[in-house]
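Structure record follows, encoded as structure tokens.
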Amino acid sequence: MAKKKYKISVIFLLAIVCPLLGGHAFAQQANIDAGVAYLRFTQNPDGSWGGTVTSLNTTFQTTATTARTLQLLGITDATLTNALGFLSAQSPDTVDDLAHQVDVLAASGGDVSSLVAEVKAVQQDNGGWGIDLKKVFVSDVADSLSALLALRAAGAADTNIVSKALGFLLGSQNTDGGWGAAPGHPSEVFYTALTLLALKDFQTTFGLSAF
């Protein structure tokens, strides 16, 4: 669960910080260029990143996050192309990995219709998503957020799916007002903040009465 916390927080930070990079003096181009050079240097021959003994996340998670970063920074050279090739060739076995595959490939303009269909197909009856693609595990907050954000990124978050998912998230709120990583888990600031962001975002986008 710690890995998922780290990965999701990185993505949300990127979504907030990257649009600011072009308009604020604190982000010097030389610093950005040096960071990109590091990413190029550390890319594996197969187009991936990670897989070292010190990696906090899986190779898939690390590669997806790095590729999305390059996209947000406007990097479109072979570094990104090779990363997209790696991600396209993978067959994720978790909702979280599938969601990241959809997010990155959709941003590249690729055809993600089959991947989107798979995300929708594994939505459970209660409106949420669990960790796996066979619906063996019950729905949890963390994977439901990942799936929702991926569908939005692909422009495939239709009202029926979103309303059911929001219903699951609202039903997962604890009596203290917060949310945990899964229904019944102790409330955590991290998941509470992420859930509130998602609820507000989709409420605004779809005009749904989430609150």
Side-chain angles (χ1 to χ4, degrees), residues 4 7-19 47-49 57-76 80-135 139-169 194-208 210:
K4 182 167 290 185
K7 174 189 56 57
I8 296 178
S9 61
V10 167
I11 292 174
F12 269 79
L13 285 172
L14 288 171
I16 294 171
V17 172
C18 286
S48 69
W49 281 271
N57 294 321
T58 66
T59 299
F60 191 101
Q61 293 168 342
T62 303
T63 304
T65 301
T66 306
R68 192 70 189 101
T69 300
L70 294 175
Q71 290 173 329
L72 290 168
L73 291 174
I75 306 299
T76 59
L80 177 61
T81 301
N82 293 336
L84 294 176
F86 172 83
L87 292 172
S88 298
Q90 304 307 302
S91 298
D93 56 7
T94 67
V95 167
D96 191 63
D97 283 354
L98 177 61
H100 275 80
Q101 190 177 44
V102 170
D103 185 35
V104 176
L105 297 181
S108 73
D111 181 7
V112 295
S113 55
S114 62
L115 300 177
V116 165
E118 188 173 5
V119 173
K120 291 181 176 181
V122 295
Q123 185 178 28
Q124 300 195 19
D125 292 339
N126 62 4
W129 283 263
I131 191 172
D132 68 315
L133 299 178
K134 295 182 178 180
K135 297 196 283 190
S139 300
D140 62 71
V141 171
D143 287 290
S144 297
L145 288 171
S146 293
L148 269 177
L149 294 173
L151 292 175
R152 183 186 63 180
D158 63 69
T159 303
N160 181 54
I161 286 177
V162 171
S163 60
K164 288 173 61 179
L166 295 186
F168 166 75
L169 291 174
L194 290 185
T195 303
L196 289 173
L197 284 173
L199 290 173
K200 185 60 178 177
D201 180 35
F202 283 103
Q203 180 190 30
T204 301
T205 302
F206 290 88
L208 300 173

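Nothing fancy with the numbering, it's 1 onward along the sequence. Predicted model only: the values in this text are computed from it and were never measured. Excluded from the calculations below are hydrogen atoms, water molecules and symmetry mates; all remaining heavy atoms, backbone and side chain alike, are included.
The shortest distance between side-chain heavy atoms of L166 and F202 falls below 4.5 Å. Taking the side chain as every heavy atom from C-beta outward, T94 and L133 never approach each other to under 4.5 Å. In this structure the side chain of V95 never reaches within 4.5 angstrom of the side chain of I131, judged on heavy atoms. At least one side-chain heavy atom of L169 sits less than 4.5 Å from a side-chain heavy atom of L145. Annotation: side chain of D132 is not in contact with side chain of D93 (no heavy-atom distance under 4.5 Å). Annotation: side chain of D103 is not in contact with side chain of L149 (no heavy-atom distance under 4.5 Å). Between T76 and L70 the shortest side-chain heavy-atom distance does not fall below 4.5 Å.
Minimum interatomic distance between V102 and A150 (heavy atoms only, all atoms of both residues): CG1-O, 3.6 Å. Residues S146 and A99 come closest through the heavy atom pair O-CB, 3.4 Å. Residues K164 and D125 approach most closely at CE-O, 4.3 Å, considering heavy atoms. Counting all heavy atoms, side chain and backbone alike, W129 lies closest to V119 at NE1-O, 2.8 Å.
Here the side chain of Q101 pairs a donor or acceptor atom with the backbone of L87 at under 3.5 angstrom. Judged by distance alone, the side chain of T63 and the main-chain N or O of W49 form a donor-acceptor pair under 3.5 Å. In this structure, Q124 contributes its side chain and K135 its backbone to no donor-acceptor pair below 3.5 Å. Proximity of a side-chain donor or acceptor of Q123 to a complementary backbone N or O of G127 within less than 3.5 Å is detected. At least one donor-acceptor pair under 3.5 Å links the side chain of S163 to the backbone N or O of N160.
Atom CG of D97 and atom OG1 of T59 lie 10.5 Å apart (nearest 0.5 Å). Here NE2 of H100 is found 11.0 Å from CG of L98. Values are rounded to the nearest 0.5 Å. We find the CG-OG distance between L115 and S91 to be 9.5 Å, quoted to the nearest 0.5 Å. Here the CG atom belonging to D140 is positioned 9.0 Å from the CG atom belonging to D96, to the nearest 0.5 angstrom.
Taking the side chain to side chain contact (heavy atoms under 4.5 Å, CB included) definition, one finds that A106 meets it with V112, A154, sequence neighbours left out. Applying the salt bridge (charged side-chain N to carboxylate O under 4.0 Å, His left out) test to K120 and every residue at least two apart in sequence or in another chain returns D158.
If you check the side chains of T62 and N57, you find no donor sitting under 3.5 Å from an acceptor. Side-chain atoms of D111 and S113 form a donor-acceptor pair, as typed in the model, at a separation below 3.5 Å.
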